[in-house]
Amino acid sequence: MELSKNYIPGEVENKWYQHWIEKGYFHSEPNNKPAYTVVIPPPNVTGVLHMGHCLNNTIQDILVRRARMQGMNPCWVPGTDHASIATEAKVVAMLRERGIAKSSLSREEFLTYAWEWKEKYGGIILQQLRKMGCSLDWDRTSFTMDPDYYETVIKVFVDLYNKGKIYRGKRMINWDVRAKTALSDEEVIHKEVNGKMYHIRYKLEIPGEEYITIATVRPETIFGDTAICVHPKDDRYKHLVGKHAFVPMINRRIPIIADDYIEMEFGTGALKVTPAHDINDFNLGQKHGLDVIETLNEDGTMNEAAPMYIGKDRIEVRKIIAADLEASGNLVKLEDYVNQVGFSERTDAIVEPRLSLQWWVDMKQLAGPALEAVMSDEIQFHPAKFKNVYRHWMDNIKDWCISRQLWWGHRIPAWYDADGNVYVAENEAAVNAKYPETKGKTLTQDADCLDTWFSSWLWPIEVFKGMSNPNNAEINYYYPTSTLVTAPEIIFFWVARMIMAGEEYMGKIPFKDVYFTGIVRDKQGRKMSKSLGNSPDLLGLIDQYGADAVRFGIMIASPAGNDLLFDESTLEQGRNFNSKLWNAAKLLKMWEPRVSNEGKVEQDAAFAMDWFQAKLSATQLEVDSMLKEFRLSEALKTIYGLIWDDYCSWYLEWIKPGFEQPIHADVYNKSIEFYDSLLQLLHPFMPFITEELHHALKAQTEDLCVKEYEAIGKVEEAVLNAGALLKNVISTLRDARNKNQIKPKEAVELHIQSENKAAYQTIENILAKQVNAKSIAYTNAPIGSSIVVALEKDKFYLVADQAIDTASLKENLLKDLEHQKGFLASVEKKLSNEKFVQNAKPEIIAIEQKKKADALARIQTIEESLAQL
RNA sequence: GGGAGCAUAGCUCAGUUGGUUCAGAGCAUCUCGUUUACACCGAGAGGGUCCGCGGUUCGAGCCCGUGUGCUCCCA
């Protein structure tokens with residue numbers, strides 16, 4: 001097979017992906033091999049591929065492909081999440097464009113549109129993952145609203161309700177005024193916002209004392225005030241506790257209470273208490289038995305509690321109320337103030353704390369085993385620092401608000417009778433069976449849907465139908481899954497809850513390792529976002545550089561556990577690496593016609609092969625241990641260096657035959673074999689080009705994709721060291737040539753003065769080729785008018801045609817000498833320190849003594865060389 | 001306000017139990033080079049007060065304290 005001049009990724013990628021699919025390599029069925037199971041973090045059904053997905057899925061594919069080549073039975077399950085709020089918002093927007101208002105539709109009509117939308121636009125992202133080479137088992141594609149999945153979610157709700165772990169209650173929730181739905185705490189994004197601090201005075205019901213002044217950033221909430229609170233030890237206000245004041249503008253009488261929750265230094269030290277609109281105030285109100293007065297409608301406008309502002313938006317009111325307060329003389333002052341404001345993750349609306357009747361999961365009971373699983377390392381987090389974050393959250397866990405005022409999702413299986421009694425069961429018939437008193441009554445189902453995460457927390461179980469068809473062969477084989485790869489942002493949303501669901505319903509953890517990827521940022525460290533426009537078009541990049549180069553670029557820049565600063569230059573590096581791989585293969589193929597069986601393998605080539613074998617084995621071991629520790633980026637760097645430097649720059653040059661000379665068959669075959677091992681090592685990272693070259697090198701019976709790794713050979717340390725010495729000699733001599741401005745083309749005479757002559761004789765040809773020596777001789781005495789190079793105990797003399805720059809030579813030697821003497825001095829100082837000799841471990845002392853001996857020998861060599869100049 | 005983490009070359013990062021010549025890698029930079037795989041290349045070089053201060057130790061990039069700066073999470 002002839003190789004084209006350059007590597008063209010596009011064709012190759014399509015060809016091989018197609019081939020792999022046709023062969024069914026990505027499909028898994030339970031068998032007698034060990035399972036390696038990965039479930040994809042299901043992207044939103046509305047999603048399109050972005051850099052975060054690219055990183056995340058590349059990592060998963062690396063792990064999965066490696067497992068496949070290790071002879072395991074990998075199963076990587078794809079799928080999508082119905083993403084209730086995000087999808088409903090898209091559908092509502094689509095309907096609006098068509099001139100249809102959601103409010104004009106029945107639930108069923110709306111859902112018909114939603115499903116249509118899902119079928120048409122949903123899951124684009126799954127197509128895009130194919131472009132990246134992801135080896136997903138497409139036959140297992142799942143969706144969180146598949147019929148069995150839907151049923152399971154409902155079943156879980158009913159089960160938790162029956163166990164008393166789900167309840168309905170009026171509580172303070174985060175209200176999204178735009179989507180008109182409750183949000184969980186995790187769906188609220190806190191941002192710093194420049195606002196004002198309003199100092200407002202309340203008239204006191206005490207003769208002689210006129211006002212008390214409070215400070216607030218939300219003056220529009222004064223209509224919901226039911227108390228003013230001060231610190232019990234605050235001398236300024238002590239005498240007011242138990243008295244009353246009047247809310248400005250409406251003159252409602254409210255008590256002044258004391259609680260040590262108050263920070264005396266903050267604001268004026270007096271806090272207005274609005275239990276209906278602030279969680280802390282709510283708690284304070286509960287404690288002190290205060291009234292709760294709601295002032296907002298569900299769309300964020302003011303209600304009757306604020307008579308002069310009815311129907312106006314609360315943000316609008318905040319602006320105008322200052323003037324009104326000022327007019328009535330109640331505004332004391334205004335100051336600039338930066339505070340944290342909660343925004344809806346989905347609609348970006350300012351979230352309002354609001355009292356509301358919602359469904360909740362009691363998390364305290366579920367958290368126990370889930371915390372234990374991680375703290376005991378039954379589930380390992382990578383990097384482990386996230387254990388702390390996890391523990392902190394689990395220790396302070398709050399109940400989970402799971403109802404959403406949406407239609408797209410799993411409808412809550414609760415029915416109400418005319419009197420408002422609640423009945424929970426899978427369906428109306430089940431309700432009738434379970435609660436005989438409901439027979440004949442008209443029941444209405446709860447209109448709300450469940451939080452998206454209430455379905456995703458079952459993902460590792462239900463993709464194998466572990467709940468809808470318990471104990472089936474697949475769930476027993478694939479569960480618990482092996483590794484979860486996800487973003488740290490959803491450690492609470494998803495990871496923690498999957499662990500809870502796993503413990504609750506399988507009695508087992510859902511996965512053994514969790515690898516948290518970093519966040520993809522741009523070069524300047526900014527998070528990638530649509531609004532900043534700093535998110536590159538991934539498919540465009542794949543077109544431009546090739547999928548392998550993109551995978552390489554994103555992985556090489558992605559240190560374990562850290563954020564990734566995305567820069568296109570690493571993609572270029574990836575593309576260049578493609579070229580390097582391609583060209584090395586071209587070189588090997590060029591030799592193919594010149595392969596000869598005659599004679600024996602020359603000793604130089606034999607040395608090179610022994611050395612590379614040792615280097616390869618050593619690196620394979622290194623990569624193995626790095627991957628076990630999920631240090632993927634380092635593993636890739638190591639492989640990159642092995643291929644580019646050790647194989648291409650050193651090994652191939654060492655065995656390269658002279659111009660139009662034959663190459664011994666043993667050497668050629670071994671080189672091909674080495675190269676194939678390198679391709680195999682690299683394959684999980686760059687699947688396409690490696691598969692292509694694997695087949696281009698020679699006729700293969702097996703695709704690389706499914707070729708199992710062979711056992712790693714023994715590492716011959718001595719050979720490894722001999723290779724390192726050779727590289728060192730070559731580099732040093734090349735440096736000497738460079739420094740003495742010997743033209744690359746000019747061949748020199750090389751004289752070697754060494755006690756270890758035999759070692760150099762074996763590799764004479766390599767040495768001559770690599771330092772461009774026309775002759776190599778051995779000597780016991782210095783060679784006159786030559787460039788002297790000292791390396792460890794050996795000396796090298798280069799004889800060139802041109803005059804030698806003795807001065808610079810001398811300078812270099814003197815510099816080296818000085819360094820060696822300084823080093824010797826420090827070693828001697830250490831060795832003469834009695835405390836060191838007494839306390840240090842014997843092996844450390846032996847090392848120091850060897851250092852001393854080496855330094856002395858080295859100094860002698862340098863001094864001898866200097867004497868000759 | 002509470003918690004976690006980070007600070008090593010121009011940039012992005014390794015550096016394991018404190019002890020090999022330990023101060024490293026890749027990229028970037030500079031010099032030289034177009035010898036039939038590759039200029040998307042080759043050969044070589046320069047570049048760091050390991051954030052500041054104090055401590056423990058025979059010995060600290062690594063351990064402890066403290067200061068400064070930055071990031072993230074939670075409220």
Side-chain angles (χ1 to χ4, degrees), chain A residues 3 5-7 185-186 188 190 263 266 279-280 340 342 383 385-393 395-396 398 488-489 491-492 519 521 523 525 527 545 549 556-565 567 569-570 572-591 625-626 629 631 633-634 636-638 640-641 644-645 648-649 652-653 656 658-660 730-739 741-745 769-772 819-820 823 826-827 829-841 843-848 850-851 854-855 858:
Chain A
L3 287 175
K5 184 168 186 309
N6 295 310
Y7 174 58
D185 288 345
E186 289 72 28
V188 178
H190 292 270
E263 277 178 56
F266 188 84
I279 180 67
N280 295 311
Q340 295 281 328
K385 67 179 177 188
F386 287 110
K387 271 170 81 172
N388 282 331
V389 182
Y390 181 81
R391 186 183 49 205
H392 191 251
W393 189 75
D395 281 345
N396 298 291
K398 304 213 174 59
E489 313 159 334
I491 184 166
F492 310 129
I519 295 165
R521 298 172 180 281
K523 241 201 271 192
K527 215 166 159 172
Y545 295 98
I556 203 89
S558 185
N562 276 345
D563 286 355
L564 169 162
L565 298 192
D567 183 348
S569 68
T570 61
E572 269 176 52
Q573 197 186 340
R575 185 199 54 194
N576 295 352
F577 189 34
N578 272 342
S579 293
K580 191 71 183 179
L581 289 162
W582 194 255
N583 284 315
K586 260 163 60 186
L587 178 64
L588 288 167
K589 295 300 281 182
M590 239 176 67
W591 295 337
S625 78
M626 283 171 174
E629 293 166 48
R631 292 155 67 182
S633 174
E634 281 174 72
L636 178 56
K637 276 179 192 165
T638 304
Y640 176 76
W644 199 301
D645 299 328
C648 292
S649 295
L652 285 181
E653 295 300 331
K656 194 184 235 175
F659 187 59
E660 297 199 332
I730 293 168
S731 293
T732 309
L733 294 179
R734 281 169 169 173
D735 183 32
R737 289 183 57 118
N738 248 346
K739 291 232 164 78
Q741 290 170 337
I742 299 174
K743 295 245 153 46
K745 275 183 178 168
K769 195 156 60 176
Q770 294 266 277
V771 304
N772 194 12
H819 176 253
Q820 292 298 334
F823 176 69
S826 79
V827 173
K829 192 176 157 201
K830 208 184 250 190
L831 281 170
S832 62
N833 181 335
E834 272 179 41
K835 284 184 176 168
F836 171 72
V837 180
Q838 276 164 21
N839 294 320
K841 282 177 270 180
E843 58 267 34
I844 301 293
I845 296 173
I847 286 164
E848 291 300 320
K850 181 168 183 306
K851 281 199 242 174
D854 287 351
R858 180 102 180 92

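Below, all heavy atoms of this structure are taken into account, side chains as well, without hydrogens, waters or symmetry copies. Proteins come first, then strands; the chains are lettered A, B, ... in the order of their sequence lines, and each starts at number 1.
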| Relative to the 5' end of RNA chain B, which residue comes earlier, A:L565 or A:L587, by the nucleotide with the nearest heavy atom? |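 Closest to the 5' end, via its nearest nucleotide, is A:L565.
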| request: For A:W591 and for A:E848, locate the closest nucleotide of RNA chain B by heavy-atom distance; then report the residue assigned to the nucleotide nearer the 5' terminus. | output: A:E848
What is the distance, to the nearest angstrom, from the [atom1] atom on [X] to the [atom2] atom on [N]?
X	N	atom1	atom2	result
A:L636	B:rA14	CG	C1'	14 Å
A:K385	B:rG5	NZ	P	9 Å
A:E653	B:rU35	CD	C1'	10 Å
A:D567	B:rC13	CG	P	12 Å
A:I742	B:rC32	CD1	C1'	13 Å
A:I519	B:rG5	CD1	C1'	13 Å
A:E489	B:rC72	CD	P	11 Å
A:D395	B:rG2	CG	P	18 Å

Heavy-atom pair with the smallest gap, counting every atom of [X] and [Y]:
X	Y	answer
A:A584	A:L652	CB-CD1, 4.2 Å
A:L831	A:V837	O-CG2, 3.3 Å
A:L3	A:K589	CD1-CG, 4.1 Å
A:N583	A:K5	OD1-O, 4.3 Å

Whole-Å [atom1] distance, [N] and [M]:
N	M	atom1	result
B:rA9	B:rU57	C1'	29 Å
B:rC50	B:rG10	P	12 Å
B:rG33	B:rC13	C1'	31 Å
B:rG42	B:rU35	P	16 Å
B:rA43	B:rG26	P	12 Å
B:rU20	B:rG59	C1'	14 Å
B:rG24	B:rG47	P	12 Å
B:rA23	B:rA14	C1'	12 Å

| note | Symbol by symbol from the 5' end, with Watson-Crick or G-U pairs under 3.5 Å, [ ] crossing and | another strand, RNA chain B is (((((((..((((.....[....)))).(((((.......))))).....(((((..]....)))))))))))).
| field | Protein-to-nucleotide contact annotation, 5' to 3' order, nucleotides 40-46 of chain B [B base; S sugar-phosphate only; - none; under 4.0 Å, heavy atom] | value | BSSSSS-
Sidechain-backbone polar pair: [X] side chain, [Y] backbone, donor-acceptor under 3.5 Å:
X	Y	answer
A:R734	A:Q770	yes
A:N396	A:H392	yes
A:N6	A:S579	no
A:S649	A:W644	yes

Mind checking salt bridge (charged side-chain N to carboxylate O under 4.0 Å, His left out) for [X] and listing every partner two or more places apart, or none if nothing turns up?
X	value
A:K769	none
A:K830	A:E848
A:E653	A:K656
A:K850	A:D854

| said: I need the A:R737 CZ to A:T732 OG1 distance, nearest 0.5 Å. | reply: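 The distance works out to 14.0 Å.
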| message | Of the listed nucleotides (B:rA4, B:rG2, B:rU36), which one gets closest to any side-chain atom of A:N388? | response |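 The listed nucleotide nearest to A:N388's side chain is B:rA4.
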| query | Which nucleotide in the list B:rG33, B:rA14, B:rU12 gets nearest to the side chain of A:R631? | reply | B:rA14
| OP1 or OP2 of B:rA37 less than 4.0 angstrom from a side-chain nitrogen or oxygen of A:K656, does that happen here? |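 Looking at the OP1 and OP2 atoms of B:rA37, one of them is under 4.0 Å from a side-chain N or O of A:K656.
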Got a list of protein N/O to nucleotides 24-26 of chain B N/O distances below 3.5 Å?
unit_1	atom_1	unit_2	atom_2	d
B:rG26	O2'	A:Q573	NE2	3.3

| field | Contacts of type ring-ring contact (aromatic ring centres under 6.0 Å, His included), residue A:W591, not counting sequence neighbours | value |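 Listed in chain order: nothing, the list is empty.
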| Partners passing ring-ring contact (aromatic ring centres under 6.0 Å, His included) against A:Y545 (at least two apart in sequence or in another chain) |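 For A:Y545 there are no ring-ring contact (aromatic ring centres under 6.0 Å, His included) partners, ignoring immediate neighbours.
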| said: Would you call the rings of A:W582 and A:Y7 parallel, tilted or perpendicular, taking 30° and 60° as the class edges? | reply: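 If you compare the ring of A:W582 with that of A:Y7, the planes turn out tilted.
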| request: Could you please spell out the steps behind the side chain to side chain donor-acceptor pair (under 3.5 Å) verdict for A:R575 and A:N578? | output: CA-CA 5 Å; A:R575 185 199 54 194; A:N578 272 342; over 6 Å; no
Filtered N/O pairs between nucleotides 8-10 of chain B and protein, under 3.5 Å:
none

| Contacts of A:S569 that satisfy side-chain contact (heavy atoms from CB on, under 4.5 Å) - sequence neighbours left out |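 Partners of A:S569 under the side-chain contact (heavy atoms from CB on, under 4.5 Å) test: A:D567.
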All N/O pairs under 3.5 Å across the protein-nucleotides 58-64 of chain B interface:
unit_1	atom_1	unit_2	atom_2	d
B:rC58	O2'	A:N833	ND2	2.8

